[in-house]
K.L.:
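Quick one: the structure is below, and I'll ask about it shortly.
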Amino acid sequence: MSTDEPAVREFWDELRKTTQARIGLGRSGNALPTRQVLELAAAHAAARDAVHVPLDTDRLVAAVREVGIGEPTVVTSRATSRDEYLRRPDLGRVPAADMSVAESGADIGFVLADGLSPTALAHHGAALLTELVARLKDRHTLAPPVIATQARVALGDHIGAAARVRTLLVIIGERPGLSVADSLGIYLTHLPTPGRTDADRNCISNIHPPDGLGYAEAARVTAGLVDGALALGRSGVDLKDTSRTSALGPGGAAELK
């Protein structure tokens with residue numbers, strides 16, 4: 001049956017409402033239709049740009065300053081260029097030799113990291129931080145935010161240890177794909193210190209409204225995990241998000257294993 005027939009078009013149109021994946025693309029002879037080829041090329045270009053276009057740190061500093069939790073500090077990793085960052089993930093996990101972060105001793109620290117999509121951080125970072133602060137500020141002390149460039153998640157462990165925060169939230173640009181180029185993730189690490197592994201963290205991913213997880217929902221889940229980490233004394237594989245089935249405290253939802 002041809003994909004041009006009305007019944008088939010209606011079938012695929014309904015399915016496409018449930019996913020951003022490219023499905024039911026149709027065909028032109030033995031190839032994809034020209035429109036689909038061009039859309040794929042445009043998506044590929046957007047993904048490449050998301051990785052390579054540098055973060056406008058001045059603009060982000062100004063936006064983050066408006067959140068009202070202190071003057072942002074800008075740091076960088078040991079990777080000296082974007083090319084080196086992409087070729088040497090290890091250098092993105094350790095700070096430059098001159099990194100300086102003020103010690104705060106706060107309950108929660110925030111790192112806004114460019115990661116693999118500076119575009120995502122530029123689009124969503126300040127707005128997501130605003131929601132997190134609104135959810136957490138009444139029950140926790142908050143450290144001034146840190147903006148990190150050429151950064152991998154583990155760079156946050158060095159920053160959190162230097163600031164002596166109890167729980168660290170790293171807001172980072174996720175690897176872009178052909179459907180989404182500006183998605184953020186939040187990585188929560190309780191008692192951050194160099195040497196932590198992915199097993200010591202919890203992640204909330206796919207944050208990119210309106211099509212992905214919204215800021216308010218991401219903040220709600222994060223607050224629940226913060227409460228769970230404080231109760232358990234650690235984060236990671238022993239701490240599970242059960243926000244759709246149970247609640248722990250006023251923040252939201254975590255299950256202790």
Side-chain angles (χ1 to χ4, degrees), residues 55 57-58 60-77 92-96 98-115 121 124-173 184-196 200-204 207 215 218-236 239 249-252 254:
L55 179 68
T57 53
D58 291 341
L60 184 60
V61 165
V64 168
R65 184 183 291 123
E66 292 298 313
V67 178
I69 57 171
E71 181 64 22
T73 299
V74 179
V75 303
T76 190
S77 74
R93 300 184 183 111
V94 291
D98 61 351
M99 186 189 84
S100 178
V101 176
E103 181 179 323
S104 70
D107 294 334
I108 299 174
F110 301 95
V111 174
L112 291 90
D114 54 2
L121 191 62
H124 305 295
L128 177 57
L129 178 63
T130 298
E131 287 290 345
L132 289 167
V133 169
R135 176 71 67 162
L136 297 167
K137 66 180 180 179
D138 292 336
R139 295 181 293 116
H140 304 284
T141 56
L142 308 180
V146 176
I147 296 171
T149 61
Q150 315 294 25
R152 305 278 176 171
V153 172
L155 180 62
D157 296 331
H158 297 266
I159 297 169
R164 297 183 64 84
V165 298
R166 193 173 184 187
T167 303
L168 184 73
L169 301 178
V170 175
I171 302 167
I172 191 167
L184 283 180
I186 300 173
Y187 286 81
L188 181 153
T189 308
H190 189 62
L191 303 178
T193 188
R196 293 291 192 193
D200 300 312
R201 314 187 200 282
N202 295 86
C203 177
I204 302 99
I207 305 167
Y215 306 138
R220 186 185 68 81
V221 174
T222 301
L225 288 171
V226 168
D227 288 343
L230 291 173
L232 186 64
R234 60 186 180 276
S235 54
L239 177 63

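Numbers here are sequence positions counted from 1.
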K.L.:
Ion pair present between Asp227 and Arg139, side-chain N to carboxylate O less than 4.0 angstrom?
P.N.:
yes

K.L.:
So how far is it from Ile147 CD1 to Thr73 OG1, rounded to the nearest 0.5 Å?
P.N.:
9.0 Å

K.L.:
Taking all non-hydrogen atoms of both residues, which atom of Pro145 and which atom of Gly70 are closest, and how far apart?
P.N.:
CD-O, 3.7 Å

K.L.:
Main chain of Ser235, side chain of Asn202: is a donor-acceptor contact present, judged purely on distance under 3.5 Å?
P.N.:
no

K.L.:
Provide the closest heavy-atom pair for Leu168 versus Asp157 in the form atom of the first, atom of the second, distance.
P.N.:
CD2-N, 4.2 Å

K.L.:
Within the 4.5 Å heavy-atom criterion, are Ile172 and Tyr187 side-chain neighbours or not?
P.N.:
yes

K.L.:
Side chains of Arg196 and Leu191: closer than 4.5 Å at any heavy-atom pair?
P.N.:
yes

K.L.:
Do Val226 and His140 come within less than 4.5 Å of each other through their side chains, counting heavy atoms only?
P.N.:
yes

K.L.:
For residues Leu60 and Leu121, determine if any side-chain heavy atom of one lies less than 4.5 Å from a side-chain heavy atom of the other.
P.N.:
yes

K.L.:
Can a donor-acceptor pair be found between the side chains of Thr76 and Thr149 at a distance below 3.5 Å?
P.N.:
yes

K.L.:
Taking the side chain as everything from C-beta on, heavy atoms only, tell me whether Val111 gets closer than 4.5 Å to Val75.
P.N.:
no

K.L.:
Measuring from Ser77:OG to His158:NE2, what's the distance to the nearest 0.5 Å?
P.N.:
10.5 Å

K.L.:
Could you state the interatomic distance from CD1 (Ile204) to CG (Leu184), rounded to the nearest 0.5 Å?
P.N.:
12.0 Å

K.L.:
Quick one: does Glu66's side chain get under 4.5 Å of Thr130's, heavy atoms only?
P.N.:
no

K.L.:
How about Thr189 and Arg201: does a side-chain donor come under 3.5 Å of a side-chain acceptor?
P.N.:
yes

K.L.:
Take Arg93 and Val153, measure what side chain to side chain contact (heavy atoms under 4.5 Å, CB included) needs, and give me the verdict at the end.
P.N.:
CA-CA 7 Å; Arg93 300 184 183 111; Val153 172; over 6 Å; no

K.L.:
Identify the two heavy atoms, one from Gly156 and one from Val170, that lie closest to each other, and give their separation to 0.1 Å.
P.N.:
CA-CG2, 4.1 Å

K.L.:
Report the distance from atom CZ of Arg164 to atom OG1 of Thr193, rounding to the nearest 0.5 Å.
P.N.:
10.0 Å

K.L.:
Enter the distance from Leu142:CG to Leu132:CG here, rounded to the nearest 0.5 Å.
P.N.:
9.5 Å

K.L.:
Does some side-chain heavy atom of Val165 sit less than 4.5 Å from a side-chain heavy atom of Pro192?
P.N.:
yes

K.L.:
Return yes if some donor-acceptor pair links the side-chain N/O of Asp114 with the main-chain N/O of Gln150 below 3.5 Å, else return no.
P.N.:
yes

K.L.:
Step through the shown structure and confirm whether more than 12 heavy atoms of other residues, nucleotides or ligands are within 6.0 Å of CZ on Arg65.
P.N.:
yes

K.L.:
Would you say Arg234's side chain and Leu239's backbone share a donor-acceptor pair under 3.5 angstrom?
P.N.:
no

K.L.:
With a 3.5 Å distance limit and no angle check, can you tell me whether Thr141 reaches the backbone of Asp107 through a side-chain donor-acceptor pair?
P.N.:
yes

K.L.:
Mind checking whether Leu232 and His190 have side chains closer than 4.5 Å, heavy atoms only?
P.N.:
no

K.L.:
Roughly how far, to the nearest 0.5 Å, is CG of Leu112 from CG of Leu55?
P.N.:
9.5 Å

K.L.:
Scan Val146, Ile69, Val64 and name whichever one has a side-chain contact (heavy atoms from CB on, under 4.5 Å) with Phe110.
P.N.:
Ile69

